[in-house]
S.K.: 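Quick one: structure below, then a few questions.
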Amino acid sequence: RLCARLHASQVPVGQRSAMKIKNQLLGGFAAVIGVFVLSMAVVGVYLNGLVGTVTHIKEETLPFMVVVDEMDLNRSEVQQFLTDVSATHDPAGYKEAEEAAKGFAAGTAKFRDMFRRENDSKSLAQIDAIAADFDAFYKLGKLMAQTYIDKGMDAGNDLMKGTDKAPGFDQASEKLK
């Protein structure tokens with residue numbers, strides 16, 4: 001040990017400065033690399049969360065947005081087909097309205113299944129309320145169309161536009177939008 005101390009003390013002063021600079025540079029590079037590695041780890045965690053979010057959007061959000069769009073189209077078709085029956089007195093429109101109503105019911109069934117899987121009782125109650133509103137709308141629409149056929153324009157208009165006592169078919173459709 002004494003030899004090592006004597007030997008170290010024999011290292012010229014210029015070389016000692018070079019060793020200090022070398023150690024400082026190595027320390028600086030190590031710090032930069034450490035910050036880089038830490039940054040990459042943080043980015044990796046955030047990317048992992050983003051992948052989960054994108055997967056949820058792809059597998060659940062977007063498909064159910066399509067279902068909502070289809071349900072709205074079905075609502076609109078029910079309204080159109082029953083209005084056509086009212087205007088033309090052609091009962092063929094009842095069958096088309098029924099098919100559209102089945103499409104709406106299929107959409108609510110998809111939402112019910114999802115909400116049950118997710119144990120989301122609040123959303124399940126909301127979709128049940130929407131289904132009940134649609135059923136009332138559809139029933140009123142069929143009654144309106146038949147009233148136009150059986151009782152004429154004034155009686156049918158009361159059901160389409162509504163009265164002071166009861167909202168009409170058009171308001172029931174708007175409620176579902």
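We're numbering straight along the sequence, starting at 1.
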S.K.: Using 0.5 Å steps for rounding, measure from the CD atom of Q146 to the CE atom of M144.
M.R.: 11.0 Å
S.K.: Which value, rounded to the nearest 0.5 Å, describes the distance between T108 atom OG1 and D113 atom CG?
M.R.: 9.5 Å
S.K.: What's the spacing between S76 OG and L176 CG if we round to 0.5 Å?
M.R.: 11.5 Å
S.K.: Sequence neighbours excluded, which residues qualify as salt bridge (Lys or Arg N to Asp or Glu O under 4.0 Å) partners of K175?
M.R.: D133
S.K.: Could you state whether I149 and M153 fall into the same hydrophobic cluster, counting links through intermediate Ile, Leu, Val, Met, Phe, Trp or Tyr residues with side-chain heavy atoms under 4.5 angstrom apart?
M.R.: yes
S.K.: List, by chain and number, the other hydrophobic cluster members for V66, where Ile, Leu, Val, Met, Phe, Trp and Tyr join if side-chain heavy atoms come within less than 4.5 Å, directly or indirectly.
M.R.: none
S.K.: Go through the structure and list residues passing side chain to side chain contact (heavy atoms under 4.5 Å, CB included) with E174, not counting sequence neighbours.
M.R.: K177
S.K.: Going by side-chain heavy atoms closer than 4.5 Å, which hydrophobic residues are tied to I33, directly or by a chain of links?
M.R.: V37
S.K.: Just do the salt bridge (charged side-chain N to carboxylate O under 4.0 Å, His left out) check on K102 and E99 with the steps written out, would you?
M.R.: CA-CA 5 Å; K102 286 178 183 176; E99 290 303 312; 3.7 Å; yes
S.K.: S123: which residues meet the side-chain hydrogen bond (donor to acceptor under 3.5 Å, both in side chains) condition with it, sequence neighbours left out?
M.R.: D120
S.K.: If I compare all heavy atoms of P63 with all of I57, which pair ends up nearest, and what's the gap?
M.R.: CD-O, 4.0 Å
S.K.: For V78 and F137, run side chain to side chain contact (heavy atoms under 4.5 Å, CB included): C-alpha distance rounded to whole Å, both residues' side-chain angles, the deciding distance at 0.1 Å, then the answer.
M.R.: CA-CA 9 Å; V78 165; F137 156 76; 3.6 Å; yes
S.K.: Walk me through whether L143 and F169 qualify under side chain to side chain contact (heavy atoms under 4.5 Å, CB included).
M.R.: CA-CA 10 Å; L143 175 64; F169 183 62; over 6 Å; no
S.K.: Restricting to ring-ring contact (aromatic ring centres under 6.0 Å, His included), what partner residues turn up for Y148, sequence neighbours left out?
M.R.: none
S.K.: Atom OG1 in T53, atom OH in Y46: separation rounded to 0.5 Å?
M.R.: 12.5 Å
S.K.: Check whether D72 reaches the backbone of V68 with its side chain - one donor and one acceptor, N or O, closer than 3.5 Å.
M.R.: no
S.K.: Look up atom OG in S121 and atom CD in Q126, then write down how far apart they are to the nearest 0.5 Å.
M.R.: 10.0 Å
S.K.: A155: which residues meet the side chain to side chain contact (heavy atoms under 4.5 Å, CB included) condition with it, sequence neighbours left out?
M.R.: T147, K151
S.K.: Where do N74 and G103 come nearest, in terms of heavy atoms and distance?
M.R.: ND2-C, 3.1 Å
S.K.: Report the residues that fulfil side chain to side chain contact (heavy atoms under 4.5 Å, CB included) with Q80, sequence neighbours left out, ordered by chain and then residue number.
M.R.: D84
S.K.: Supply the members, apart from V51, of the Ile/Leu/Val/Met/Phe/Trp/Tyr cluster built from side-chain contacts under 4.5 Å; use none for a lone residue.
M.R.: none
S.K.: Could you give me the CA-CA distance, side-chain angles and deciding distance for T83 and M160, then say whether side chain to side chain contact (heavy atoms under 4.5 Å, CB included) is met?
M.R.: CA-CA 9 Å; T83 301; M160 179 180 278; 3.9 Å; yes
S.K.: Going by the rule side-chain hydrogen bond (donor to acceptor under 3.5 Å, both in side chains), which residues pair with Q79 if we only count those two or more places apart in sequence or in a different chain?
M.R.: R75, D170, S173
S.K.: Counting only heavy atoms not in D150, do more than 12 fall under 6.0 Å of its CG?
M.R.: yes
S.K.: Which distance, rounded to the nearest 0.5 Å, do you find between the CZ of R112 and the CD1 of I130?
M.R.: 10.0 Å
S.K.: List, by chain and then residue number, the residues other than L50 in its hydrophobic cluster (Ile/Leu/Val/Met/Phe/Trp/Tyr, side-chain heavy atoms under 4.5 Å); write none if there are no others.
M.R.: V43, L47, V54
S.K.: Just jot down the ring-ring contact (aromatic ring centres under 6.0 Å, His included) partners of F111, sequence neighbours excluded, or say none.
M.R.: F64, F115
S.K.: Counting distance only, does the side-chain N/O of E77 pair as donor-acceptor with the main-chain N or O of A97 below 3.5 Å?
M.R.: no
S.K.: When clusters are formed by joining ILVMFWY residues with side-chain heavy atoms under 4.5 Å apart, either directly or through shared neighbours, do F81 and F134 land in the same one?
M.R.: no
S.K.: Closest approach of A145 and L82, non-hydrogen atoms and distance?
M.R.: CB-O, 3.7 Å
